[in-house]
Amino acid sequence: MTETYLTQPIDEESVRAVSDAGLRMTLVDTADVAAFDEWIRADFRGFLGEHPKPEALAEARGYLGDRRTTAVYDDAIPSAASPIGTVNSWVAPLTVPGGGTVPGWAISSVTVAPTHRRHGVATALLGGELRAAKAIGVPVAILTVSESVIYGRWGFGPATFASEWRVDTKRVRWAGPPTGGHLSFTDPASYRESGYRVLDRVMAGRAGEIAMTPYLADRLLGPLKGNPDEDKYRLVRYDSPAGEPEGFVSYVVKGDDDFVKHTVEINYLAAATDEALTALWRFLLELDLVSEVHIMTRGVDEPLPFLVSDVRGAHLASVEDHLWVRILDLPAALTARTYERDGEIVLDVTDTLGLAGGRYRLSVSGGTARVEETTDAPDVTLPVSSLGSVYLGHDAARGLAIAGKIEGDTDALDRLFRTAVPPRLSTWF
Ligand SMILES: CC(C)(COP(=O)(O)OP(=O)(O)OC[C@H]1O[C@@H](n2cnc3c(N)ncnc32)[C@H](O)[C@@H]1OP(=O)(O)O)[C@@H](O)C(=O)NCCC(=O)NCCS
């Protein structure tokens with residue numbers, strides 16, 4: 001499965017859909033430097049990025065060449081070699097409740113040129129991705145989104161939420177436990193191997209996180225080529241008292257007119273243990289010449305308020321949807337995770353794309369699920385997007401029921417699916 005995503009042919013239904021509009025959809029040979037560079041340029045443009053310099057193109061080619069890469073071309077325009085639509089994908093292990101993983105069809109780089117927007121190109125790209133994933137038996141599709149209004153129509157539901165914090169470090173004092181271990185400055189090149197090990201533990205440790213690739217991991221350790229703050233990055237590692245790498249923080253310090261009031265913009269804080277988390281937070285909150293620490297994409301259970309002397313000094317700036325999940329194979333997805341309570345429920349799942357709908361009995365015994373098709377009356381009826389939203393254990397069922405997006409015995413569904421520790425995705429992909 002993890003290799004066949006590259007060889008699975010392009011989805012003919014999508015090829016036909018765009019060709020009716022005079023466009024051509026094809027897989028891109030990422031070994032073809034000229035074609036791949038055009039694709040990368042179109043991707044940068046789609047996300048309002050700069051014109052990538054040669055070193056940024058080379059870096060992107062090196063990192064992204066093993067993704068399934070799709071382009072849509074308009075052969076009728078003078079710049080026909082430049083795609084007007086892009087998407088790429090790969091199969092990423094997604095951590096699920098209980099600590100296991102489910103193969104996730106990770107979708108990224110969805111762009112349509114503003115010259116060709118709202119003519120159904122993204123619809124063709126997304127449909128193609130979902131059908132290709134389904135064809136090779138990947139149970140769920142996953143993505144992070146630029147705008148939350150886009151993906152519900154294709155059966156995705158928000159499954160993890162991310163918090164953003166601004167800490168007034170002149171206002172708070174450390175109120176967490178004593179911290180130990182060793183902190184030291186390092187750099188991405190010499191720390192890479194240890195950093196990867198730390199990230200593997202972080203990603204395996206929480207439902208909602210995905211397995212790293214070198215591209216995803218290196219972005220967390222330091223800046224990629226062309227990052228405007230490239231020269232200002234700092235990397236601090238935490239090693240346990242026994243010398244085991246257990247965490248790191250990469251960050252940039254931004255200046256202010258007042259030299260004692262800099263802002264620390266955290267790129268990523270990785271903590272494989274609570275000791276690493278508290279030591280790194282304490283380090284950040286006690287930095288001299290700094291008045292604010294800003295961090296994004298933390299979990300909804302980030303313990304910051306409890307680590308400071310003044311709860312309101314750690315300001316929760318926002319909570320937003322982050323990982324979106326689209327169930328493609330209900331029995332495979334639901335049996336991949338474990339459950340914290342036993343029980344039984346009949347789910348009637350509707351899916352307008354016809355990929356994962358049906359009526360199933362979910363029986364949980366000893367935390368392990370069995371799923372079988374049934375014709376019995378349903379306890380709960382819900383669209384596949386709502387199932388995606390509760391799949392990883394997030395506390396979404398009651399809200400969805402109030403919104404009319406889950407009908408029936410919502411409490412029974414909630415009791416089965418929700419987990420004590422909320423799911424989290426702490427990075428973008
Ligand atoms: C988002 C994007 C890929 C959509 O491409 P597109 O080809 O215009 O999308 P489609 O024509 O297939 O639109 C399908 C439907 O989604 C809606 N839609 C698409 N993008 C939308 C957006 N940004 N906001 C609201 N609705 C949107 C369309 O109105 C259409 O709705 P309908 O089916 O009810 O008519 C494109 O606008 C884009 O590249 N945006 C900038 C990059 C980006 O944000 N990408 C998403 C990364 S997660």
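Side chains included, hydrogens not; waters and symmetry mates left out as well; all remaining heavy atoms used. First listed ligand is number 1; within each ligand, the first listed atom is number 1.
From the protein, the heavy atom lying nearest to atom 1 (C) of ligand 1 is I150 CD1, 3.6 Å. Scanning all protein heavy atoms for the shortest distance to atom 37 (O) of ligand 1 gives R118 NH1, 3.0 Å. T123 OG1, 2.7 Å is the protein heavy atom nearest to atom 12 (O) of ligand 1. From the protein, the heavy atom lying nearest to atom 7 (O) of ligand 1 is A122 N, 3.0 Å.
Atoms of ligand 1 found under 4.0 Å from any heavy atom of G46, numbered from 1 in the order shown, are 41 (C), 42 (C). Of all atoms in ligand 1, listed by their number and element, those nearer than 4.0 Å to a heavy atom of G120 are 10 (P), 11 (O), 12 (O). Less than 4.0 angstrom separates some heavy atom of R117 from each of these atoms of ligand 1: 8 (O). Atoms of ligand 1 found under 4.0 Å from any heavy atom of Y151 (numbered from 1 in listed order, with element): 46 (C), 47 (C), 48 (S). Interface of V121 with ligand 1, defined as ligand atoms under 4.0 Å from a residue heavy atom, comprises 7 (O), 12 (O).
The only member of D348, V346, L362 that meets side chain to side chain contact (heavy atoms under 4.5 Å, CB included) when paired with T374 is V346. Each of Y196, Y238, Y233, Y191 was evaluated against F248; a single residue qualifies, Y191, per the ring pair (Phe, Tyr, Trp, His ring centres under 6.0 Å) test.
Distance check, rounded to the nearest 0.5 Å: CG of L355 to NZ of K134 gives 6.0 Å.
For ligand 1, none of its N or O atoms has an N or O atom of V145 under 3.5 Å away. Checked by distance only, ligand 1 and S146 come closer than 3.5 Å through their nitrogen or oxygen atoms. Residue T111 places no N or O, backbone or side chain, under 3.5 Å from any N or O of ligand 1. At least one N or O atom of H119 sits closer than 3.5 Å to an N or O atom of ligand 1. Close N/O approach between E147 and ligand 1 is found [any backbone or side-chain N/O within under 3.5 Å]. The distance criterion of under 3.5 Å between nitrogen or oxygen atoms is met by V110 with respect to ligand 1.
Per-atom contact check: atom 35 (O) of ligand 1 does not touch the protein, criterion being a heavy-atom distance below 4.0 Å. For atom 45 (N) of ligand 1, the nearest protein heavy atom lies closer than 4.0 Å.
Classification of R361 and D379 as a salt-bridged pair fails, no side-chain N sitting under 4.0 Å from a carboxylate O. Checked for salt-bridge contact, E292 and R166 meet the test: a charged N lies under 4.0 Å from a carboxylate O. A salt bridge links K254 to D229: one of the charged nitrogens lies within less than 4.0 Å of a carboxylate oxygen.
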Task: Residues E246, T273; criterion side chain to side chain donor-acceptor pair (under 3.5 Å); working and verdict - done: CA-CA 6 Å; E246 288 185 351; T273 59; 2.9 Å; yes
Open item on the list: Please determine whether ring pair (Phe, Tyr, Trp, His ring centres under 6.0 Å) holds for the pair Y339 and F417, giving the CA-CA distance in whole Å, both sets of side-chain angles, and the decisive distance to 0.1 Å.
Closed with: CA-CA 7 Å; Y339 299 78; F417 278 77; 5.7 Å; yes
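Which of V18, V87, V112 comes nearest to atom 38 (C) of ligand 1 through a heavy atom is settled by distance: it is V112.
Looking only at atom types and distance, the side chain of T213 has no donor-acceptor partner in the side chain of Y63 under 3.5 Å away. Between R67 and S109, the side chains place no donor N or O within less than 3.5 Å of an acceptor N or O (distance only, hydrogens not considered).
Heavy atoms of V149 found under 4.0 angstrom from ligand 1 belong exclusively to the side chain. Under 4.0 Å from ligand 1, the heavy atoms of R153 that appear belong solely to its side chain.
A tilted orientation is assigned to the rings of Y251 and F185, their planes being inclined by 30° to 60°. Ring pair H394/F161 is parallel by interplanar angle, where below 30° counts as parallel and above 60° as perpendicular.
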